[in-house]
Amino acid sequence: MKKAFYFSLILLFCFPQFVVRAESDKQPILVAHRGASHLADENTLKAYALAAEYGMDYIECDPRLTKDGVFVIMHDATVDRTTNGSGEVSQLTLTEIKSMRTENGEQIPTLEEVLVLAKERGIGIFIDTKVNEIPAFEKMIGLIKKFGMEEKVIVMLWWQDAQKWMEKNHPEIATCLSWPAPIPSLKEVKKVGAEWVGALVQYATESMIKNAHKAGLKVITMPINDPEQIQQKIQDGLDVVQTDDPRLVQALRDETGVMK
């Protein structure tokens with residue numbers, strides 16, 4: 001199956017006239033997890049630029065606050081795994097973090113730099129929040145509005161109180177709430193204001209996706225990097241495909257015939 005899929009990709013990239021469009025006009029939304037993180041160091045401007053070049057709809061990022069109150073993009077609480085430095089992001093200044101380099105010599109970007117890149121490239125941002133303090137949310141929303149990205153951002157939330165606060169204070173910004181925690185009912189997830197719902201891949205069954213759609217929600221999972229699993233989840237109705245490798249889904253939006 002995998003050989004057949006990769007052969008189809010070769011046909012698509014080299015001989016686009018062989019592509020047959022899917023019968024449905026509905027195409028999955030494509031999200032590059034930490035950017036094109038199989039092609040460049042994760043959560044770097046290079047990874048995000050590559051994601052845009054591969055036609056992804058959104059880049060996923062993980063903002064954390066530095067000691068001096070600046071959002072930088074770092075998945076882990078510490079810089080140890082992804083840079084040549086060490087220490088907790090919250091205990092390091094922006095200057096200190098900017099002096100560090102990733103494995104292939106990239107700088108750690110700020111959220112502001114990512115917003116600039118996304119606006120220039122016409123790509124959305126899926127923000128996986130790592131903080132749960134209202135002042136931090138206010139600062140983050142302020143940056144989003146500064147660059148006029150309110151309609152190009154999805155904010156991933158993990159706490160019910162955070163979702164309620166966002167819906168009350170910034171309903172113009174779309175949110176995604178995790179499932180089955182903190183709210184096990186998909187109808188309630190929609191009721192508190194979320195537009196998307198995030199689940200582990202194994203939880204996003206065909207039945208769950210149908211129930212989410214009935215509630216008016218789009219479904220996203222953790223990243224999927226297996227071509228056959230991507231194909232199966234799309235057949236199950238998955239709305240949003242998140243992956244570390246944009247090469248696997250480069251043509252999904254417009255040329256999904258290769259996924260049959």
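- The aromatic rings of W196 and F126 lie parallel to each other, with less than 30° between the two planes, well short of the 60° mark.
- In plain terms, the two heavy atoms of G105 and D41 that are nearest each other are N-OD2, 4.3 Å.
- The distance from atom CG of L177 to atom CE of M156, rounded to the nearest 0.5 Å, is 6.5 Å.
- No side-chain heavy atom of K233 sits less than 4.5 Å from a side-chain heavy atom of V241.
- Here the straight-line distance linking atom CD of Q163 with atom OG of S178 works out to 10.0 Å at 0.5 Å rounding.
- The pair R64-D62 fails the salt-bridge criterion, with no side-chain N (NZ, NE, NH1 or NH2) lying under 4.0 Å from an Asp/Glu carboxylate O.
- Under the 4.5 Å side-chain criterion, counting only non-hydrogen atoms from C-beta, V155 is not in contact with H170.
- The side-chain heavy atoms of N169 and I141, taken from C-beta on, include no pair separated by under 4.5 Å.
- Summarising the local packing, CD of E151 is surrounded by 12 or fewer heavy atoms from other residues, nucleotides or ligands at distances under 6.0 Å.
- A donor-acceptor pair is defined here as one N or O able to donate and one able to accept, closer than 3.5 Å; no such pair exists between the side chain of D236 and the backbone of T205.
- Side-chain atoms of D245 never come within 3.5 Å of backbone atoms of A36 as a donor-acceptor pair (strictly under, hydrogens ignored).
- Side-chain heavy atoms closer than 4.5 Å link hydrophobic residues (I, L, V, M, F, W, Y) into clusters, and following such links, possibly through other members, connects L111 to L157.
- Under the salt bridge (charged side-chain N to carboxylate O under 4.0 Å, His left out) criterion, R34 pairs with E42, sequence neighbours left out.
- From I29, atom CD1 reaches atom CG of D57 across 6.5 Å, with rounding to the nearest 0.5 Å.
- In this structure, D226 contributes its side chain and Q229 its backbone to a donor-acceptor pair below 3.5 Å.
- The salt bridge (charged side-chain N to carboxylate O under 4.0 Å, His left out) analysis of residues 171-195, with sequence neighbours excluded, yields the pairs K145-E172.
- One hydrophobic cluster, built from ILVMFWY side chains closer than 4.5 Å, holds both L30 and V201.
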Next item on the list: Show your working on side chain to side chain contact (heavy atoms under 4.5 Å, CB included) between F137 and T129 and close with a plain yes or no.
Entry: CA-CA 9 Å; F137 277 120; T129 56; 3.8 Å; yes
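- Between V219 and A212, the shortest heavy-atom contact is CG2-CB, 3.4 Å.
- E112 is linked by a salt bridge (charged side-chain N to carboxylate O under 4.0 Å, His left out) to K146, counting only residues two or more places apart in sequence or in another chain.
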Notebook entry, point to check: Does the side chain to side chain contact (heavy atoms under 4.5 Å, CB included) test come out yes or no for M208 and V197, once each step is laid out?
Noted result: CA-CA 11 Å; M208 177 271 182; V197 60; 4.1 Å; yes
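- Residue pairs meeting the salt bridge (charged side-chain N to carboxylate O under 4.0 Å, His left out) criterion with at least one partner in residues 196-220, sequence neighbours excluded, are E206-K210.
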Note to self: I'd like to know whether I224 forms a side chain to side chain contact (heavy atoms under 4.5 Å, CB included) with L238, so could you lay out the CA-CA distance, the side-chain angles of the two residues, the decisive distance to 0.1 Å, and finally the verdict.
What the structure shows: CA-CA 12 Å; I224 309 175; L238 186 66; 4.2 Å; yes
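- For residues 213-245, no residue pair satisfies the ring pair (Phe, Tyr, Trp, His ring centres under 6.0 Å) rule, not counting sequence neighbours.
- Residues satisfying the salt bridge (charged side-chain N to carboxylate O under 4.0 Å, His left out) criterion with E138, sequence neighbours excluded, are absent altogether.
- The structure places NE2 of H38 at 4.5 Å from CG of N225, a figure rounded to the nearest 0.5 Å.
- Using modelled atom types, one side-chain atom of K119 and one backbone atom of F147 make a donor-acceptor pair closer than 3.5 Å.
- The main-chain N or O of I173 is never found under 3.5 Å from a side-chain atom of E150 such that the two would form a donor-acceptor pair.
- For the pair Y48/I123, no side-chain contact is recorded, criterion being any heavy-atom separation below 4.5 Å from C-beta on.
- Annotation: side chain of Y54 is not in contact with side chain of V249 (no heavy-atom distance under 4.5 Å).
- Interatomic distance, CG of D244 versus CD of E60, reported as 9.0 Å (0.5 Å rounding).
- To the nearest 0.5 angstrom, I230 atom CD1 is 5.0 Å from T243 atom OG1.
- More than 12 heavy-atom neighbours from other residues, nucleotides or ligands sit within 6.0 angstrom of CD on E53.
- Heavy-atom contacts from other residues, nucleotides or ligands closer than 6.0 Å to NZ of K139 number 12 or fewer.
- At a threshold of 4.5 Å between non-hydrogen side-chain atoms, the residues E88 and T78 count as touching.
- For the pair C61 and N43, the minimum side-chain heavy-atom distance is below 4.5 Å.
- For the pair V89/L65, no side-chain contact is recorded, criterion being any heavy-atom separation below 4.5 Å from C-beta on.
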